[in-house]
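The next block holds one structure in the form of structure tokens; read it before the comments.
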Amino acid sequence: MSYSRNKLQELAMVCTYQYLFYLKDADRPSPSEILENVTKENIDDNDKFIKQLFLQVIKNTNELVNLINSSLDNWDFERLGLMEKSILLTSLAQGKYLNQPKQVVIDVAVELSKKYCEEKAYKLINGVLDKVL
């Protein structure tokens, strides 16, 4: 099945959420299991984007967290909610490693935060991404 780019970004964010949720669990699912669980099927060749993005998040989590922390004033990545963390990590990886346009990345991240996060979280997400990207 082929998804729209926005849907792929959302699915990658959901994968990142699950990855973070199970991070300290000894029986955590593998990245490929997370991808399959989230998409409900194997990713076809047209949808490699989600796999590339999710794997970039996993591979570069520490660097991305450091970038996020450097842009947070009087706050720390660990204090953010899992959804905010997931949106920030996925969006930064998309802009930094997949060379997606900054404004597109920020717009999608803001929309995801309005859909999944608390009411004012989009302001934090917008500000962090604007500084870092």
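Along the sequence shown, residues carry numbers from 1.
Atoms NZ and SG, on Lys123 and Cys117 in that order, are 14.0 Å from each other to the nearest 0.5 Å. Note that the CG atom of Leu129 and the CG atom of Leu124 stand 9.0 Å from one another [nearest 0.5 Å]. One distance of note links OH of Tyr116 with CD of Glu84; it measures 13.5 Å at 0.5 Å rounding. Within the model, atoms CG of Leu92 and CD1 of Ile125 stand 10.0 Å from one another, a figure rounded to the nearest 0.5 Å. If you take OG on Ser113 and CD1 on Ile106, they are separated by 11.5 Å, rounding to the nearest 0.5 Å. Here Ile34 contributes atom CD1 and Cys15 contributes atom SG; the two are 7.0 Å apart, rounded to the nearest 0.5 Å.
When all heavy atoms of Leu112 and Ile87 are compared, the closest pair comes out as C-CD1, 3.8 Å. Here the shortest heavy-atom pairing between Ser91 and Val105 reads O-CG1, 3.2 Å. The nearest pair of heavy atoms linking Gln18 to Val38 is NE2-CG2, 3.7 Å. Nearest approach of Phe54 to Ala12, heavy atoms of both residues: CD1-O, 4.4 Å. Closest of all the heavy-atom pairs between Lys85 and Phe77 is CE-O, 3.1 Å. The minimum heavy-atom distance between Arg28 and Tyr22, with the atom names listed, is CB-O, 3.2 Å.
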Evaluate the side-chain contact (heavy atoms from CB on, under 4.5 Å) criterion for residues Ile68 and Val132: first the C-alpha distance (whole Å), next the side-chain angles of each, then the deciding distance (0.1 Å), finally the verdict. CA-CA 7 Å; Ile68 293 166; Val132 177; 5.6 Å; no
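Remark: Glu33 CD is packed, more than 12 non-hydrogen atoms of other residues, nucleotides or ligands lying under 6.0 Å away. Dense packing is recorded around CG of Asp25, with more than 12 heavy atoms of other residues, nucleotides or ligands lying under 6.0 Å away. Counting heavy-atom neighbours within 6.0 Å of Lys59 NZ, excluding the residue itself, gives a total of 12 or less.
Of the possible polar contacts, one joining the Asn60 side chain to the Gln56 backbone as a donor-acceptor pair under 3.5 Å is found. Between the side chain of Glu78 and the backbone N or O of Asp76, no donor-acceptor pair lies under 3.5 Å. In this structure, the side chain of Lys96 does not engage the main chain of Leu133 through any donor-acceptor pair within 3.5 Å.
Between Met83 and Glu118 there is no side-chain heavy-atom pair separated by less than 4.5 Å. Between Leu89 and Tyr19, the closest side-chain pair of non-hydrogen atoms is not below 4.5 Å. Residues Gln94 and Val57 form no side-chain contact, since every pair of their non-hydrogen atoms from C-beta on lies 4.5 Å or further apart. Here the side chains of Lys131 and Asp73 are in contact, with some heavy-atom distance below 4.5 Å. Contact of the Val110 side chain with the Lys114 side chain is registered, since non-hydrogen atoms from C-beta on lie closer than 4.5 Å.
Side-chain polar atoms of Gln52 and Tyr97 form no donor-acceptor pair below 3.5 angstrom. Under the 3.5 Å distance criterion, with hydrogens and angles disregarded, no donor-acceptor pair is assigned to the side chains of Glu10 and Asn6.
A side chain to side chain contact (heavy atoms under 4.5 Å, CB included) with Leu11 is found for exactly one of Thr16, Leu53, Thr90, Ile50, namely Ile50.
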